[in-house]
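Take a look at the structure below.
Residues: numbered from 1 along the sequence shown. Because only heavy atoms are used, hydrogens play no part in the values below, and waters and symmetry mates are left out as well, while side chains stay in.
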Amino acid sequence: MIPTNILAMVSLLYLSTAALSVAQVVFAADDDDDESYTLPKFESSTKFFAQSDPDIDIDKVNVTDNFGLETDKYTWQDVISSLSSNEKLFLIQRHGEGWHNVAPSNFSQDDWDCYWQEQQGYDGVIWADAELTPNGVNQIQKLSQQINNTEDLPWPTRFFVSPLRRTLETWQLTWSDLKHSTPLIKESARETYGIQTESQRHNKSYIIDNFPGFDFEDGFTELDELWKPDSRETGQHRKYRAALLLTEIFANTTEEDQVISLVSHLGLIGSILDVVGHRDYPMQTGGLIPVVIHKKKKKTKTYTLDKPNKTYADVCPNPPESISGAPSDYTTIAA
């Protein structure tokens, strides 16, 4: 169990977690009621990027030109020169379109929520730990070209990625042909997990065999110890996990690592933006948002985890009597 004493908690987070599994250290709060965890406080800058500028309407943000950098005011060098020892420029990517993004359109909402999202796939389409669709591949290839063609774009020195297949594929398509350091797979960078099969990762052995060239954080387990078929992570816990991910990245990089690449998911990215005080921003599949994040030296924030995980009844409050395309012996999980 993670100690709840503030000093012990912060100290533990800044030490190597090699002796414990990632699930034990990062996600112990899942099974606890009314626990509180204290982490560093983070803020984001409203300068430099249109996505971060409250004076620019969201629908007027131009991401095709320098990823939203306000080039009439700033250069990329201005961004880097402004960074203090406790600040980093994060290039945060959402994975390209996956089969789980398009599959729900083939079903009614109730059919999807109450049955199909818990299945591996249907009619030759697999959305469990979904891979990228052809359109998703095309999205990321275009993004990689944009990265390569953006003049003076500061290059990441450290790369972090979720362990799900769509994010691993996204990283490969974005960076494998560009200069990079070895990406580190982090359990805390994954999407909201539980019930939906798209959120269950493959075993570590599968990832090693199918995605060579990635490193794993210390304690990364062979099996997915987080995903459960009848329990789903709350937004409250995901926000805490986002703050913990940032804490880990700052603790395990140097001041020279001024630019950080992170490939993750819509839910987790939204929680990161929330944690750092960034305004809501709609991340499309295959998108990238640059964010300057500051870790406050002497300020902390406490995350109280008092909400129970979601159940099947939460994701499917009114199970239908029949499901289109389901086996004839279909019964709801609730039954």
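- Side-chain contact between P163 and K204: absent, with no pair of heavy atoms (C-beta onward) separated by less than 4.5 Å.
- Taking a 6.0 Å sphere around CG of D209, one finds it holds more than 12 heavy atoms contributed by other residues, nucleotides or ligands.
- The salt bridge (charged side-chain N to carboxylate O under 4.0 Å, His left out) pairs that include a residue from residues 74-88 number zero, where partners must be two or more places apart or lie in different chains.
- In this structure, K310 has no salt bridge (Lys or Arg N to Asp or Glu O under 4.0 Å) partners at least two apart in sequence or on a different chain.
- The closest side-chain heavy-atom distance from Q146 to F67 is below 4.5 Å.
- The distance from atom CD1 of I140 to atom CG of N135, rounded to the nearest 0.5 Å, is 10.0 Å.
- A donor-acceptor pair under 3.5 Å is formed between the side chain of Q236 and the backbone N or O of D306.
- Between T167 and V161, the closest heavy-atom pair is O-CG2, 3.6 Å.
- A donor-acceptor pair is defined here as one N or O able to donate and one able to accept, closer than 3.5 Å; no such pair exists between the side chain of R232 and the backbone of I195.
- Between F160 and T253 there is a side-chain heavy-atom pair separated by less than 4.5 Å.
- Between the side chain of R190 and the main chain of L164, no donor-acceptor pair closer than 3.5 Å is present.
- One finds the CG atom of L244 at 8.5 Å from the NE2 atom of H237 (value rounded to the nearest 0.5 Å).
- Screening W99, W127, W116 for a ring-ring contact (aromatic ring centres under 6.0 Å, His included) involving Y122 leaves a single residue, W116.
- The distance from the CG atom of D111 to the CD1 atom of I323 is 4.0 Å, given to the nearest 0.5 Å.
- Side-chain contact between P154 and L89 is present, with heavy atoms from C-beta onward closer than 4.5 Å.
- Minimum interatomic distance between A130 and H100 (heavy atoms only, all atoms of both residues): CB-ND1, 3.4 Å.
- N62 is linked by a side-chain contact (heavy atoms from CB on, under 4.5 Å) to T64, D65, counting only residues two or more places apart in sequence or in another chain.
- Under the ring pair (Phe, Tyr, Trp, His ring centres under 6.0 Å) criterion, the residue pairs touching residues 45-65 are F48-Y74, F49-W76, with sequence neighbours excluded.
- Contact annotation: the side chain of D152 never approaches that of Q77 to less than 4.5 Å [non-hydrogen atoms, C-beta and beyond].
- Within the 4.5 Å cutoff, the side chain of Q93 has heavy atoms near those of the W175 side chain.
- No side-chain donor from either of S176 and Q172 sits under 3.5 Å from a side-chain acceptor of the other.
- Within the 3.5 Å criterion, the main-chain N or O of G194 finds a donor-acceptor partner in the side chain of S199.
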Taking it one step at a time, do S181 and F159 satisfy side-chain contact (heavy atoms from CB on, under 4.5 Å)? CA-CA 7 Å; S181 61; F159 296 81; 3.2 Å; yes
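- In this structure the side chain of L288 reaches within 4.5 angstrom of the side chain of I147, judged on heavy atoms.
- W171 and F214 have their aromatic ring centers within a separation under 6.0 angstrom.
- Every residue two or more places apart in sequence or in another chain that forms a side-chain contact (heavy atoms from CB on, under 4.5 Å) with E255 is listed here: S85.
- Side chains of H294 and S45: no donor on one and acceptor on the other come within 3.5 Å.
- Side-chain atoms of S188 and E248 form a donor-acceptor pair, as typed in the model, at a separation below 3.5 Å.
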Quick one: do H278 and I293 satisfy side-chain contact (heavy atoms from CB on, under 4.5 Å)? Show the steps, please. CA-CA 9 Å; H278 193 285; I293 298 178; over 6 Å; no
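- The existence of a salt bridge linking R241 and E233 is confirmed by a sub-4.0 Å separation between a basic side-chain nitrogen and an acidic carboxylate oxygen.
- Ring centers of F250 and F42: under 6.0 Å apart, within the cut-off.
- Panel note: side chain Q117, backbone D113; a donor-acceptor pair is recorded below 3.5 Å.
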I would like to know whether L173 and L132 meet side-chain contact (heavy atoms from CB on, under 4.5 Å); could you show each step before the answer? CA-CA 11 Å; L173 290 168; L132 298 181; 3.7 Å; yes
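- Residues satisfying the ring pair (Phe, Tyr, Trp, His ring centres under 6.0 Å) criterion with Y281, sequence neighbours excluded, are absent altogether.
- Contact annotation: the side chain of D177 never approaches that of S144 to less than 4.5 Å [non-hydrogen atoms, C-beta and beyond].
- For W227, there are no ring pair (Phe, Tyr, Trp, His ring centres under 6.0 Å) partners, not counting sequence neighbours.
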Please list, one pair per line, the donor and acceptor atoms closer than 3.5 Å that link side chains of residues 259-276 to other protein atoms, with sequence neighbours excluded.
from, atom 1, to, atom 2, distance (Å)
S264, OG, A189, O, 2.6
H265, NE2, S162, OG, 2.8
S271, OG, R238, NE, 2.8
S271, OG, G267, O, 3.3

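- Shown here are the side chain to side chain donor-acceptor pair (under 3.5 Å) partners of D53, two or more places apart in sequence or in another chain: there are none.
- With sequence neighbours excluded, the residues that form a side-chain contact (heavy atoms from CB on, under 4.5 Å) with N203 are E222, L223.
- Side-chain atoms of S36 do not come within 3.5 Å of backbone N or O of T304 as any donor-acceptor pair.
- In terms of heavy-atom proximity, K186 sits nearest to L245 at CE-CD1, 3.5 Å.
- Sorted by first and then second residue, the salt bridge (charged side-chain N to carboxylate O under 4.0 Å, His left out) pairs involving residues 191-202 (not counting sequence neighbours) are R166-E198, E187-R201.
- Residue F211 is not grouped with residue I126 when hydrophobic side chains (ILVMFWY) are merged at heavy-atom distances under 4.5 angstrom, including chains of intermediate members.
- With sequence neighbours excluded, the residues forming a side-chain contact (heavy atoms from CB on, under 4.5 Å) with T254 are E256, D257, listed by chain and number.
- No donor-acceptor pair under 3.5 Å is formed between the side chain of Q51 and the backbone N or O of V61.
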